[in-house]
K.L.:
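Sharing a structure, written as structure tokens. Questions coming.
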Amino acid sequence: MIIEQIKIIPYQLLFKEEYKNSKISINKRDGWIIQIHSEGVIGYGDACPLEGFSLESYNQSGYGLEGFKLSVPKSEDIELDELLQLSEAHGELQPSVEFAIQSAIYDLFSKLNQVPLNRYLNKNATESIKVNYYSNSSAQPFEDMVVKLKINNTNLFDQLDLIDRIIDRFKGMARLRLDLNESYDLPRAIRLCKMLEDKPIDYIEQPLAADNFEDMHELRFHTDIPIALDESIDSIDSVNKVLDYQCADIFILKPMTIGGILKLKNIIQLIKSTSKRFNISSILESNIGRLSYLHLASAFNIDEECGIATQFFFDKDICQFPSPLNGVIKISDLSGIGINEINL
């Protein structure tokens, strides 16, 4: 194929209200959209690193995307494998760059083949994906609903009161995912788990520091509540380390911090071989990035609720994202990730 044009476009998303967890407080997200043009078709990708979480900064990711743009030969045939190799070269140590470029490449190729991205990657992709809701969601409760709750401080009694209020709000029908964002130490995490033993907790997410594998291993001896990790997971090496330490029950995968789609596939194959739970989650990027996540979750047949329905956090976005119905999003039959134009 001949690449006719590549565009790198900055974007900014404003939160409806300040977004807070135990580590950050932000009111906007800045990122880059890459467009790859060929045969009158456009493939879209999103690079949106999160300061304090991602390896790279916003400016670094922009330079990485521009480097890729300059490296692609003009008016010459170029194969899929060569484009993917270029994405790896320019995305080295910049996973959001590698993810954005590969997302755009696969979006383009699936559109040229007139199939949705999920079925381009896997003809046996699932037709829908389950998602979790968030504690400030206005969704009506339904049986076996999954709700994520950010824990913003370490006062155990305040948190217990908040958890009870969320359980009541969803009429006792929701399983809760409690995201601690590394804010606890081992003794306090043990106390929290003991206080939660009779409550509908799906899992506790990243209770301790991301590199504190020994204490997370110890924590699992003190509770039957499953332990999930996300900040600790950014590569297949990190997954192997967690498996070696036996310190997690669930792996939360964030493609924007992992990088290439083949890297994500290899991680998922490894986790599946251990029969551990896993899902894909957002770092509050644009709908472009999350549409890619949606198709990847389908292509990799993820049956766990994914944390990708975050569009309601923002005033507006650069394209539409489907709303879940009773925790399920049906994948569009449109080619690629399902969009042909964006609002920038």
K.L.:
Is there a side-chain contact between I34 and V97 in this structure, where contact means two heavy atoms from C-beta onward sitting under 4.5 Å apart?
P.N.:
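Heavy-atom side-chain distance check fails, nothing below 4.5 Å.
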K.L.:
Got a sec, which residues hit salt bridge (charged side-chain N to carboxylate O under 4.0 Å, His left out) with K69, two or more places apart in sequence or on another chain?
P.N.:
none
K.L.:
Can you tell whether the side chains of D249 and R277 come within less than 4.0 Å, N to carboxylate O?
P.N.:
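Here D249 does not pair with R277 in a salt bridge, since their nearest N and O are not under 4.0 Å apart.
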K.L.:
Do the side chains of V328 and S128 get nearer than 4.5 Å, heavy atoms only?
P.N.:
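With C-beta onward as the side chain, the pair touches.
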K.L.:
Do S87 and Q102 pass the side chain to side chain donor-acceptor pair (under 3.5 Å) test, and can you show the C-alpha distance, the side-chain angles, and the key distance before you say yes or no?
P.N.:
CA-CA 7 Å; S87 75; Q102 291 196 11; 3.0 Å; yes
K.L.:
If you look at every heavy atom in I227 and C247, which pair is closest and at what distance?
P.N.:
CG2-O, 4.1 Å
K.L.:
Taking all non-hydrogen atoms of both residues into account, name the closest pair between S96 and P49 and its distance.
P.N.:
OG-CD, 3.7 Å
K.L.:
Considering only NZ, NE, NH1 and NH2 on the basic side and carboxylate oxygens on the acidic side, decide whether D237 and K241 come within less than 4.0 Å.
P.N.:
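Salt bridge: no.
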K.L.:
Should we say atom CG of D224 is surrounded by more than 12 heavy atoms from elsewhere, each under 6.0 Å from it?
P.N.:
no
K.L.:
Who pairs with Y134 by ring pair (Phe, Tyr, Trp, His ring centres under 6.0 Å), at least two apart in sequence or on another chain?
P.N.:
F312, F313
K.L.:
Between the side chain of N122 and the main-chain N/O of A299, is any donor-acceptor distance below 3.5 Å?
P.N.:
yes
K.L.:
Answer with yes or no whether the hydrophobic clustering places L149 together with L192; edges join I, L, V, M, F, W, Y residues whose side-chain heavy atoms lie under 4.5 Å apart.
P.N.:
yes
K.L.:
Flag yes if L117 and L83 sit in one hydrophobic cluster, no otherwise; membership is Ile, Leu, Val, Met, Phe, Trp, Tyr, and two members link when side-chain heavy atoms are under 4.5 Å apart.
P.N.:
yes
K.L.:
List in chain and number order the residues that pass salt bridge (charged side-chain N to carboxylate O under 4.0 Å, His left out) with D77, two or more places apart in sequence or in another chain; answer none if no residue qualifies.
P.N.:
none
K.L.:
Quick one, C306 and K130 - any side-chain contact, counting heavy atoms below 4.5 Å?
P.N.:
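No, side chains not in contact.
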K.L.:
Run the salt bridge (charged side-chain N to carboxylate O under 4.0 Å, His left out) test against K194 and tell me which residues pass, sequence neighbours left out.
P.N.:
E197
K.L.:
For residues 283-290, which side-chain N or O atoms pair as donor and acceptor with protein atoms under 3.5 Å away, sequence neighbours left out?
P.N.:
from, atom 1, to, atom 2, distance (Å)
E285, OE1, I283, N, 3.3
E285, OE1, Y293, OH, 2.6
E285, OE2, S282, OG, 2.3
E285, OE2, I283, N, 3.2
S286, OG, D46, OD2, 2.9
S286, OG, I288, N, 3.1
N287, OD1, R290, NH2, 2.1
N287, ND2, C319, O, 2.6
R290, NE, T310, OG1, 3.2
R290, NH1, I308, O, 2.3
R290, NH1, Q311, OE1, 3.4

K.L.:
Report yes or no: do L162 and M173 belong to one cluster of Ile/Leu/Val/Met/Phe/Trp/Tyr joined by side chain heavy-atom distances under 4.5 Å?
P.N.:
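Shared cluster, no.
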K.L.:
Compare every heavy atom of I233 with every heavy atom of S238, then report the nearest pair and how far apart it is.
P.N.:
OG-CA, 3.5 Å
K.L.:
Under a single-linkage definition using a 4.5 Å side-chain heavy-atom cutoff for Ile, Leu, Val, Met, Phe, Trp and Tyr, are I302 and L294 assigned to the same hydrophobic cluster?
P.N.:
yes
K.L.:
Same cluster for L253 and L50 if Ile/Leu/Val/Met/Phe/Trp/Tyr side chains link at under 4.5 Å?
P.N.:
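Looking at the clustering, L50 is in the same group as L253.
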K.L.:
Surrounding NZ of K316 (heavy atoms of other residues, nucleotides or ligands, distance under 6.0 Å), is the total greater than 12?
P.N.:
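Atom NZ in K316 is not crowded, with 12 or fewer foreign heavy atoms closer than 6.0 Å.
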K.L.:
Considering only heavy atoms from C-beta outward, does the side chain of I151 approach that of Y184 to under 4.5 Å?
P.N.:
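A side-chain contact under 4.5 Å exists here.
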K.L.:
Are any of the side-chain heavy atoms of P322 and K330 separated by less than 4.5 Å?
P.N.:
no
K.L.:
Decide if atom CD of Q5 counts as having more than 12 heavy atoms of other residues, nucleotides or ligands within a radius under 6.0 Å.
P.N.:
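Yes.
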K.L.:
Give the C-alpha distance, both sets of side-chain angles, the deciding distance and a yes or no for side-chain contact (heavy atoms from CB on, under 4.5 Å) between E182 and L208.
P.N.:
CA-CA 4 Å; E182 306 179 82; L208 310 177; over 6 Å; no
K.L.:
Could you list the donor-acceptor pairs under 3.5 angstrom formed by side chains in residues 336-344, with sequence neighbours left out?
P.N.:
none

K.L.:
Is any side-chain heavy atom of F170 less than 4.5 Å from a side-chain heavy atom of M145?
P.N.:
yes
K.L.:
Evaluate the criterion side-chain contact (heavy atoms from CB on, under 4.5 Å) for residue pair L112 and E39; output intermediate values, then yes/no.
P.N.:
CA-CA 8 Å; L112 291 172; E39 300 180 27; 3.8 Å; yes
K.L.:
Any side-chain heavy-atom pair from K150 and N181 closer than 4.5 angstrom?
P.N.:
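They are in contact (side-chain heavy atoms under 4.5 Å apart), so the answer is yes.
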K.L.:
Taking ring-ring contact (aromatic ring centres under 6.0 Å, His included) as the cut-off, I'd like each qualifying pair that reaches into residues 217-268, sequence neighbours left out, listed once.
P.N.:
F213-Y245, H217-F221
K.L.:
Who are the salt bridge (charged side-chain N to carboxylate O under 4.0 Å, His left out) partners of R175, not counting sequence neighbours?
P.N.:
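Per chain and number, R175 pairs via salt bridge (charged side-chain N to carboxylate O under 4.0 Å, His left out) with D144, D202, E305.
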K.L.:
Is the closest basic N to carboxylate O distance between D234 and K254 below 4.0 Å?
P.N.:
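Salt bridge absent between D234 and K254.
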K.L.:
Going by ring-ring contact (aromatic ring centres under 6.0 Å, His included), name the pairs with one or both residues in residues 29-68, residues two or more places apart or in two chains.
P.N.:
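Pairs touching residues 29-68 that pass the test: W32-Y58.
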K.L.:
Please identify each residue that fulfils ring pair (Phe, Tyr, Trp, His ring centres under 6.0 Å) with Y106, with sequence neighbours left out.
P.N.:
none
K.L.:
When you check the gap from the basic side-chain N to the acidic O, do D179 and K148 get nearer than 4.0 Å?
P.N.:
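Here D179 pairs with K148 in a salt bridge, since their nearest N and O are under 4.0 Å apart.
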K.L.:
Is the side chain of N113 donor-acceptor paired with the backbone N or O of F109 at a distance under 3.5 Å, no angle test?
P.N.:
yes
K.L.:
Does this structure show an ion pair linking K28 with E51, if we count only N-O contacts that are shorter than 4.0 Å?
P.N.:
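No salt bridge links K28 with E51.
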K.L.:
How about E79: does its CD atom have over 12 heavy atoms from other parts shown lying under 6.0 Å from it?
P.N.:
no
K.L.:
Quick check: closest heavy atoms across I166 and S135, and the distance to 0.1 Å?
P.N.:
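So the two residues come closest at CD1-CB, 3.8 Å.
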K.L.:
With a 4.5 Å limit on heavy-atom distance, are the side chains of Q60 and Q94 in contact?
P.N.:
yes
K.L.:
How far apart are the C-alpha atoms of T223 and I190, what are their side-chain angles, what is the distance that settles it, and do they pass the side-chain contact (heavy atoms from CB on, under 4.5 Å) test?
P.N.:
CA-CA 7 Å; T223 183; I190 292 172; over 6 Å; no
K.L.:
Please report the closest heavy-atom contact between S292 and F99, naming both atoms and the distance.
P.N.:
CB-CZ, 3.9 Å
K.L.:
So, does Q35 use its side chain to make a donor-acceptor pair with the main chain of I8 at under 3.5 Å?
P.N.:
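No; judged by distance alone, with no hydrogens or angles, the pair does not exist.
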K.L.:
Pair up each side-chain donor or acceptor in residues 261-272 with any protein partner under 3.5 Å, not counting sequence neighbours, and list the distances.
P.N.:
from, atom 1, to, atom 2, distance (Å)
K263, NZ, E98, OE1, 2.9
N266, ND2, L262, O, 3.4
K272, NZ, F300, O, 3.1

K.L.:
If you apply the rule side-chain contact (heavy atoms from CB on, under 4.5 Å), what do you find for I36 with I3, and how did you get there?
P.N.:
CA-CA 7 Å; I36 304 179; I3 302 300; 3.7 Å; yes
K.L.:
Among pairs that include at least one residue of residues 206-215, which meet side chain to side chain donor-acceptor pair (under 3.5 Å), considering only residues two or more places apart or in two chains?
P.N.:
Q206-S232, N212-D215
K.L.:
If you apply the rule side chain to side chain donor-acceptor pair (under 3.5 Å), what do you find for D30 with Q12, and how did you get there?
P.N.:
CA-CA 5 Å; D30 294 297; Q12 184 176 94; 2.9 Å; yes
K.L.:
Grab the two heavy atoms, one from I42 and one from D107, that are nearest each other, plus how far apart they are.
P.N.:
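Between these two residues, the closest heavy atoms are O-OD2, 3.9 Å.
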K.L.:
Checking ring pair (Phe, Tyr, Trp, His ring centres under 6.0 Å) between F314 and each of Y11, F15, Y19, which is the one that passes?
P.N.:
F15
